[in-house]
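Okay, structure first, notes after.
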Amino acid sequence: MAMQFPSLFVRSSICGIGYPNIYMPSLRTTHSTRAVSSKGLAANLGHGLKKSRNVNIPILGAEVLKERIREQLPNVDLSASSYDTAWVAMVPLPEFPQFPCFPECLAWIIENQHSDGSWGIHGHHPSLVKDALSTTLACVLALKRWNIGEEHVRRGLHFVGSNFSSAMDEKLHSPIGFEIIFPGLLGYAIEMGLDLPISQNDIDFMFHIRDSELQRVSENSSEGTKAYLAYVAEGLGKSQDWHQVMKYQGENGSLFNSPSTTAAALTHIYNAKALEYLRSLLQKFGSSVPTSYPSDIHTILCVVDKIERLGIARHFSYEIKNILDRIYRCWLKNDEEIDADMATCALAFRLLRMNGFDVSSDALTRFGDASPFFNSIQGHLKDMKTVLELYRASQTKILPNELVLDKLGSWSSNFLREELSTNSEHGLQVFSQEVDYALQFPFYSNMDRLEHRNYIENFKVENFQVLKTSYMSSGIDDKDLLELALEDFNLCQSIYREELQHLEGWAKENRLDHLEFARQKEAYCYFSAAATLFSPESSDARMSWAKNSVLATVVDDFFDRGGSIEELENQISLTEKWDGTHEKEFCSEQVKIIYSAIYSTINELGAKASALQKRSVTNHLIELWLTLMRAMMKEAEWARTKAVPTVDEYMATGYITFALGPIILPALYFVGPELSDDVIGDPEYHNLFKLVSICGRLLNDVQSFEREGKEGKLNSVLLRIVHGCGSTSEEEAVREIQSIIDSSREELLRLVLQNEKSVVPRACKELFWKMSRTVHRFYIKNDGHSSPTEMISPVNAVIYKPIKVGHNFSVVN
């Protein structure tokens with residue numbers, strides 16, 4: 001290739017190029033656009049926002065859905081593109097240019113005209129009218145070029161004439177390059193002598209639109225603009241320098257992985273590699289071509305990402321593992337389809353890294369600054385979808401030296417915010433909601449079930465993509481995915497409500513509501529468990545997490561303000577003895593209530609956990625509570641004596657008194673893997689706990705230091721200011737702490753994802769990361785755990801509020 005620019009290839013929103021030398025199973029083209037539409041668009045238009053029970057999707061049952069999705073999952077269906085097939089049909093035979101090189105494409109065009117005279121995806125949703133016009137006119141030109149299908153030409157022209165006003169409607173969605181390509185097609189039609197059923201004024205107006213667009217584009221001389229004009233070169237005809245266009249030819253012979261651009265070039269100049277590219281497509285797909293190829297890696301990655309974000313990945317863990325194994329082999333080989341496209345590279349990096357594959361961020365180095373993006377077609381089109389993928393990838397930092405991810409996150413977030421503001425000003429809602437949510441809640445500061453709900457509610461069934469023409473590219477029916485996600489979420493919600501009712505009953509039985517000093521946070525505590533350990537089979541782990549969280553809140557309030565020194569000492573003494581017959585040893589009713597609740601609960605959970613672990617673990621659970629109480633007693637003594645510890649002294653105690661020990665660590669016993677004493681005693685186990693606790697402690701301190709300062713309490717922000725002797729401002733202290741939070745979170749994620757020399761099972765390590773996301777979510781704006789209102793909406797979203805879905809047709813550009 002004589003000239004190359006990074007990420008100039010087009011696929012998905014704007015997708016990539018490359019010619020993979022790998023096997024991706026069951027790749028096929030849907031040869032009949034009629035066949036696609038009869039099951040898809042035409043059957044599903046016009047459904048509004050409905051509750052899940054009423055959404056117009058047939059109920060098949062979860063097991064039937066799972067089996068059908070498993071069968072479909074390895075498949076990558078690429079819908080046939082009438083538009084691209086028409087351009088391929090126009091390519092002349094090199095030796096005898098008076099004959100078509102690919103007559104089978106002409107036969108396909110004749111066979112696939114719709115009853116209304118049009119070609120393309122049937123159903124003509126308003127968002128696809130312009131697509132239907134350019135596609136139909138291209139097919140008409142292909143037939144006229146070889147003087148066949150006279151009746152098909154007549155019917156096609158009638159459709160174009162009847163719907164021509166839509167071409168001039170600025171409010172309708174336009175495929176990429178429509179303002180240049182469609183007028184160009186009109187020019188070709190006039191040159192061929194076709195009798196267009198369109199007024200001269202309307203034709204002249206379309207030429208004016210093209211000239212205005214070219215004038216606008218020419219004002220920007222960036223490489224991205226030049227690439228864009230090459231990508232839509234079929235609309236420029238003889239005025240285009242086709243030798244310059246060929247400088248964008250990829251290793252597979254194509255121009256931008258686009259059959260239409262490649263074929264258009266071959267109608268002007270001969271190029272053996274380009275011709276071989278088209279021949280290879282027809283050998284693979286028969287008598288038609290997709291609108292972009294190769295795109296199998298990006299397509300299957302999008303399916304995996306979709307399944308994960310819907311919250312149903314656990315049902316397909318085997319299939320997803322096999323897919324990612326294949327993608328990882330491609331990654332290691334620097335496969336061009338991954339390497340050459342920004343969105344595919346970022347998506348592959350994120351999914352592989354977060355699923356435990358060893359991938360280096362070096363692959364994203366070239367995207368560390370914004371120039372490669374703005375020098376690409378994606379940049380020219382201000383493609384938010386590609387930038388969102390880059391932004392998401394930037395959040396998976398695990399090493400201090402991955403500065404490229406910091407740079408990537410900086411420019412990509414700034415770009416998305418600017419585009420979000422622009423879209424809002426112009427009333428553009430397409431894709432904006434997803435971007436806004438991603439910016440509000442980075443993946444490390446949100447909880448699984450909240451993300452699942454948001455994605456389900458905004459999921460678009462039949463999510464057509466549009467490049468120069470519309471297409472579908474998945475072997476899985478989106479209706480099946482949505483139905484399974486809805487069934488799964490509704491089932492889980494019913495379980496959550498029952499478990500929360502049980503938790504509230506347990507709290508009353510243990511008279512925790514009699515403790516006037518204690519925050520009553522059963523719903524919050526249960527929510528934190530359900531939103532992370534969300535599967536039905538995680539019930540024991542969920543209830544362990546929730547009950548210990550309630551008890552930890554009570555004990556925290558007791559040591560903080562509810563108990564006297566005598567009561568605190570009595571509480572610790574009783575826990576050390578751990579005997580149920582201490583009626584005379586309770587120095588107060590408060591101590592009796594708290595100790596009895598802890599005693600009965602830990603014995604119950606310990607018995608269950610011991611049975612699962614096949615060894616006694618109750619003593620370990622008791623020790624966790626003793627460690628917490630002793631650390632809390634130390635802080636209580638600091639408060640009583642008005643001592644001012646150093647920041648290091650404070651943190652050595654503070655990460656323990658954040659009270660995650662009795663919450664996370666007992667739940668590990670219910671996750672599944674057996675944990676030996678050696679694992680529990682391993683430094684990796686302790687580091688995981690310490691890192692998540694440091695994040696929680698510091699996040700809490702940042703959000704509560706103003707209140708705690710007024711109450712005379714210790715806090716890491718205040719201590720930094722005090723020990724700074726006037727040289728450390730409040731802003732500087734917060735900035736320093738935020739840096740520690742970020743580095744601790746990144747180190748935690750590194751430990752969770754690492755496989756080599758890891759002792760703690762991955763399923764258990766995931767629990768520490770889930771807790772990290774939980775505390776980030778609770779403290780994203782203020783102290784969500786203490787606030788009476790901050791977490792009400794998330795609690796309702798996960799446990800109570802019926803889920804709604806918009807079963808709408810969608811076009812994503």
Side-chain angles (χ1 to χ4, degrees), residues 503-504 506-526 528-529 543-578 580 582 585-606 618-640 653-667 689 693 696-697 700 704 708 711 713-714 771 774-775 778 783 785-786:
L503 183 71
E504 290 170 339
W506 163 85
K508 289 183 179 179
E509 287 174 10
N510 284 279
R511 299 192 298 152
L512 298 179
D513 56 333
H514 291 192
L515 301 172
E516 295 182 0
F517 63 83
R519 291 166 290 174
Q520 303 300 312
K521 295 291 182 179
E522 289 86 356
Y524 280 18
C525 293
Y526 179 76
S528 71
M543 293 308 294
S544 170
W545 176 310
K547 287 181 178 180
N548 279 315
S549 184
V550 170
L551 291 173
T553 301
V554 169
V555 170
D556 180 48
D557 291 343
F558 185 55
F559 276 77
D560 192 31
R561 63 177 179 272
S564 65
I565 290 295
E566 181 187 3
E567 287 176 312
L568 304 186
E569 291 174 343
N570 185 214
Q571 183 69 54
I572 293 174
S573 175
L574 290 166
T575 306
E576 288 172 338
K577 294 177 181 178
W578 200 257
H582 286 294
E585 296 186 32
F586 297 123
C587 73
S588 71
E589 187 66 15
Q590 291 187 152
V591 171
K592 180 179 181 179
I593 291 172
I594 296 170
Y595 175 75
S596 299
I598 293 175
Y599 181 83
S600 61
T601 303
I602 294 308
N603 282 338
E604 176 195 351
L605 293 174
T618 303
N619 286 340
H620 179 228
L621 305 189
I622 299 168
E623 190 59 37
L624 293 174
W625 278 103
L626 277 172
T627 300
L628 174 62
M629 291 178 189
R630 288 164 181 161
M632 286 181 168
M633 175 60 85
K634 190 169 187 177
E635 288 189 348
E637 291 171 351
W638 284 341
R640 182 171 60 87
T653 301
Y655 86 86
I656 298 172
T657 59
F658 190 65
L660 295 185
I663 301 171
I664 304 178
L665 304 181
F689 168 64
S693 297
R697 167 51 64 203
N700 174 278
S704 62
E708 292 184 338
E711 296 172 355
K713 295 179 180 178
L714 294 173
M771 178 58 86
T774 298
V775 296
F778 265 82
D783 183 350
H785 192 64
S786 297

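Scope of the values below: all heavy atoms of this structure, side chains included, with no hydrogens, waters or symmetry mates.
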side-chain contact (heavy atoms from CB on, under 4.5 Å) involving [X] - partner list, sequence neighbours excluded:
X	answer
Ser564	Glu566, Glu567
Val554	Leu515, Ala518, Ile594
Tyr599	Trp578, Tyr595, Asn603
Asp513	Lys508, Gln520

Pairing residues for [X] by the side-chain hydrogen bond (donor to acceptor under 3.5 Å, both in side chains) criterion, not counting sequence neighbours:
X	result
Lys521	none
Ser528	Trp545
Trp506	Thr601
Glu604	none

Give the minimum heavy-atom separation between [X] and [Y], together with the two atoms involved.
X	Y	result
Ala636	Leu568	CB-CD1, 3.9 Å
Pro666	Ser544	CB-OG, 3.8 Å
Ser600	Asn510	OG-OD1, 3.4 Å
Asn700	Glu708	OD1-OE2, 4.2 Å
Glu585	Asn570	O-ND2, 3.0 Å

Q) According to the salt bridge (Lys or Arg N to Asp or Glu O under 4.0 Å) rule, which pairs have a member within residues 654-664, sequence neighbours left out? A)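 Every candidate salt bridge (Lys or Arg N to Asp or Glu O under 4.0 Å) pair involving residues 654-664 fails, so no pair, neighbours aside, qualifies.
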Working to the nearest 0.5 Å, report the span between [atom1] of [X] and [atom2] of [Y].
X	Y	atom1	atom2	value
Ile656	Thr653	CD1	OG1	6.5 Å
Gln571	Gln590	CD	CD	10.5 Å
Ile593	Ile598	CD1	CD1	12.0 Å
Met771	Ile664	CE	CD1	4.5 Å
Glu522	Lys547	CD	NZ	12.0 Å
Leu624	Leu660	CG	CG	11.5 Å

Q.
One pair to check against side-chain contact (heavy atoms from CB on, under 4.5 Å): Phe778 and Asp783. What are the steps and the verdict?
A. CA-CA 7 Å; Phe778 265 82; Asp783 183 350; over 6 Å; no
Q) What pairs of residues pass the side-chain hydrogen bond (donor to acceptor under 3.5 Å, both in side chains) test when at least one of them lies in residues 622-631, not counting sequence neighbours? A)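 For residues 622-631, and leaving out neighbouring residues, the side-chain hydrogen bond (donor to acceptor under 3.5 Å, both in side chains) pairs sorted by first residue read Glu576-Arg630.
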(Q) Can you pull out every side-chain hydrogen bond (donor to acceptor under 3.5 Å, both in side chains) where at least one residue sits in residues 549-560? Sequence neighbours excluded, please. (A)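 Non-adjacent pairs meeting side-chain hydrogen bond (donor to acceptor under 3.5 Å, both in side chains): Arg519-Asp556, Arg519-Asp557, Thr553-His785, Asp560-Lys713.
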(Q) Test side-chain contact (heavy atoms from CB on, under 4.5 Å) on Met543 and Tyr526; report intermediate values, then the result. (A) CA-CA 8 Å; Met543 293 308 294; Tyr526 179 76; 4.0 Å; yes
Q. Can you name the residues that form a ring-ring contact (aromatic ring centres under 6.0 Å, His included) with Phe558, not counting sequence neighbours?
A.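 In terms of ring-ring contact (aromatic ring centres under 6.0 Å, His included), with neighbours along the sequence ignored, Phe558 is linked to Phe517.
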Q | Polar side chain donor-acceptor pair, Thr657 to Arg697, under 3.5 angstrom | A |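 Present: a donor and an acceptor within the cut-off.
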Q) Do the side chain of Ser573 and the main chain of Glu569 share a donor and acceptor less than 3.5 angstrom apart? A)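 Such a contact is absent between Ser573 side chain and Glu569 backbone.
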(Q) Any non-hydrogen side-chain atom of Met629 less than 4.5 Å from a side-chain atom of Met633? (A)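 Not touching, per the 4.5 Å side-chain cut-off.
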Q) Are the charged groups of Glu711 and Arg561 less than 4.0 angstrom apart, N to O? A)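 So Glu711 does not pair with Arg561 through a salt bridge.
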Q | Verdict with reasoning, Arg511 to Glu589, per side-chain contact (heavy atoms from CB on, under 4.5 Å) | A | CA-CA 11 Å; Arg511 299 192 298 152; Glu589 187 66 15; 2.8 Å; yes
